[in-house]
Amino acid sequence: MTQRRFEGRSVFITGAGNGIGLATARAFASEGANVAIAEVDQSRGEAAAENIRAAGGNALFVACDAVDEASVRAAIIAACDAYGPIRHAFNNVGAPQGSRIEETTLEQWEWTFRMNLTSTFLAMKHEIPVMRSGGGGTIVNCASNTASVYTAAAPIAYTAAKAAVINLSHHASIELGKDRIRVNSISPGLTATPLVLDNLPPDLQGQVTAAMQVVPRLAKPEEMAGAVLYLSSDEAEMIVGENLEVGGGRLF
């Protein structure tokens, strides 16, 4: 029987149009949440919301450019107008650019930090007052295990930005504890998202994952969603300021 840990609760997810974000939106909706799909791509966001509604869940698309503060603010207002004060948030937007240090341009560096760190900061900045006024809530930010393990496949700007997301989450958890707002982060390993599948051919997936982790396969987006829902649930009330690595047991 499906649990209903989030019955009637308002959930806000950035980058929820595909990959880990979409899997998490589906999981929250399956447990009774009302989910706001915050997406910059309208067609993708509307399709995600419709997919959830077709499965019997509650979801709506809210337009959101995660690196534009006015857009983020408007998206959160729209979500609250539809479903009431946000109770749970998953800040999931992120993408890499660049390569090795000497090959990375300043434009790539700054773009990567905007996409991964600034997007998380802006979402939190406008989620927090809503949660505070509602008596508390949870925030889970999406980092990456590349923040703490070296892989030549991860651009240096991306690893640095994701490490900053972990640090931001930890410090925010201390700052917001008095407001009953729990903040944590997850660090996915290699996951079968469109970005990874487009860049890692099927014949290499087993070889690469076996070299990097105990579980020799790509993670499923649904497995990341499970981690987010646990950290967001009442069961995890004593977990504050932690970074949960969901990487299949990294080997180095």
Side-chain angles (χ1 to χ4, degrees), residues 2-16 20-21 23-38 52 57-60 62 64 66 69 71-94 117-143 164-187 224-246:
T2 300
Q3 299 183 74
R4 305 288 287 187
R5 293 175 293 182
F6 303 96
E7 191 74 48
R9 298 184 183 183
S10 176
V11 176
F12 184 82
I13 303 177
T14 64
I20 294 171
T24 304
R26 287 171 173 161
F28 268 118
S30 74
E31 293 204 27
N34 301 315
V35 183
I37 306 288
I52 290 171
N58 292 323
L60 82 159
V62 291
C64 182
E69 184 166 9
S71 179
V72 172
R73 184 190 302 112
I76 289 174
I77 290 172
C80 293
D81 286 346
Y83 292 139
I86 294 166
R87 178 80 174 272
H88 305 287
F90 177 41
N91 301 319
N92 170 64
V93 168
L117 181 61
T118 302
S119 67
T120 304
F121 158 72
L122 289 175
M124 291 179 68
K125 178 179 179 180
H126 294 283
E127 290 158 357
I128 288 164
V130 172
M131 290 183 179
R132 184 184 291 120
S133 68
T138 68
I139 296 172
V140 178
N141 296 321
C142 193
V165 169
I166 294 172
N167 187 271
L168 170 66
S169 304
H170 177 74
H171 280 264
S173 72
I174 299 169
E175 181 179 316
L176 298 170
K178 65 182 182 302
D179 298 310
R180 297 181 56 82
I181 300 173
R182 289 193 300 109
V183 185
N184 293 287
S185 59
I186 65 165
S187 282
M224 301 303 133
V228 176
L229 264 67
Y230 171 66
L231 290 173
S232 304
S233 72
D234 296 345
E235 301 162 79
E237 189 169 351
M238 293 300 290
I239 301 179
V240 180
E242 298 295 336
N243 177 59
L244 179 58
E245 290 207 8
V246 195

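Residues: numbered from 1 along the sequence shown.
- Closest of all the heavy-atom pairs between Y83 and N58 is OH-C, 3.7 Å.
- R182 places none of its side-chain heavy atoms less than 4.5 Å from the side chain of I139.
- I52 and A29 get closest at one heavy-atom pair: CG2-CB, 3.4 Å.
- Using a 4.5 Å heavy-atom cutoff, the side chains of F28 and V228 are in contact.
- Between D179 and M131 the shortest side-chain heavy-atom distance does not fall below 4.5 Å.
- The two atoms that bring L117 and A164 nearest to each other are CD2-CB, 3.7 Å, heavy atoms only.
- When all heavy atoms are compared, the tightest approach of A66 to V72 is O-CG2, 3.7 Å.
- With values rounded to the nearest 0.5 angstrom, I174 atom CD1 is found 4.0 Å from H170 atom NE2.
- Atom-to-atom distance recorded for M224:CE and I186:CD1 is 6.5 Å, nearest 0.5 angstrom.
- When all heavy atoms of E242 and I239 are compared, the closest pair comes out as CG-CG2, 3.9 Å.
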| query | Is there a side-chain hydrogen bond (donor to acceptor under 3.5 Å, both in side chains) between N34 and S10 once you walk through the steps? | reply | CA-CA 5 Å; N34 301 315; S10 176; over 6 Å; no
| field | Derivation of the side chain to side chain contact (heavy atoms under 4.5 Å, CB included) call for L244 and N184 | value | CA-CA 8 Å; L244 179 58; N184 293 287; over 6 Å; no
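- Contact check for S119 versus N91: no side-chain heavy atoms found under the 4.5 Å cut-off.
- A 4.5 Å side-chain heavy-atom check between V183 and N141 finds at least one atom pair inside the cut-off.
- Shown here for A82 and L60, the closest heavy-atom pair between the two residues is CB-CD1, 3.8 Å.
- Ring planes of H88 and F6: perpendicular class, angle over 60° (limits at 30 and 60°).
- Rounding to the nearest 0.5 angstrom, the gap separating the CE atom in M124 from the CD atom in E175 is 8.0 Å.
- Interatomic distance, CG of D81 versus CD1 of I76, reported as 12.0 Å (0.5 Å rounding).
- Looking at heavy atoms from C-beta onward, T138 lies out of side-chain contact with I181 at the 4.5 angstrom threshold.
- Distance CZ/R132 to CG/L176: 6.5 Å, rounded to 0.5 Å.
- Under the 4.5 Å side-chain criterion, counting only non-hydrogen atoms from C-beta, F90 is not in contact with S232.
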| query | E31 and R5: salt bridge (Lys or Arg N to Asp or Glu O under 4.0 Å), yes or no, with the steps? | reply | CA-CA 6 Å; E31 293 204 27; R5 293 175 293 182; 2.8 Å; yes
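- Within 6.0 Å of atom CZ in R180, 12 or fewer heavy atoms from other residues, nucleotides or ligands are found, so the atom counts as exposed in its surroundings.
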| task | For salt bridge (Lys or Arg N to Asp or Glu O under 4.0 Å), just list the numbers for R9 and D234, CA-CA rounded to whole Å, side-chain angles, deciding distance to a tenth of an Å, and then say yes or no. | result | CA-CA 12 Å; R9 298 184 183 183; D234 296 345; 3.0 Å; yes
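- The line from CG of L168 to OG of S173 is 10.0 Å long, rounded to the nearest 0.5 Å.
- No more than 12 heavy-atom neighbours from other residues, nucleotides or ligands sit within 6.0 angstrom of CD on E237.
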| Going through the distances and angles, do N243 and S185 end up as a side-chain hydrogen bond (donor to acceptor under 3.5 Å, both in side chains)? | CA-CA 5 Å; N243 177 59; S185 59; 2.8 Å; yes
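- For the pair V130/H126, no side-chain contact is recorded, criterion being any heavy-atom separation below 4.5 Å from C-beta on.
- A donor-acceptor pair under 3.5 Å links the side-chain atoms of R4 to the main chain of S30, judged by distance alone.
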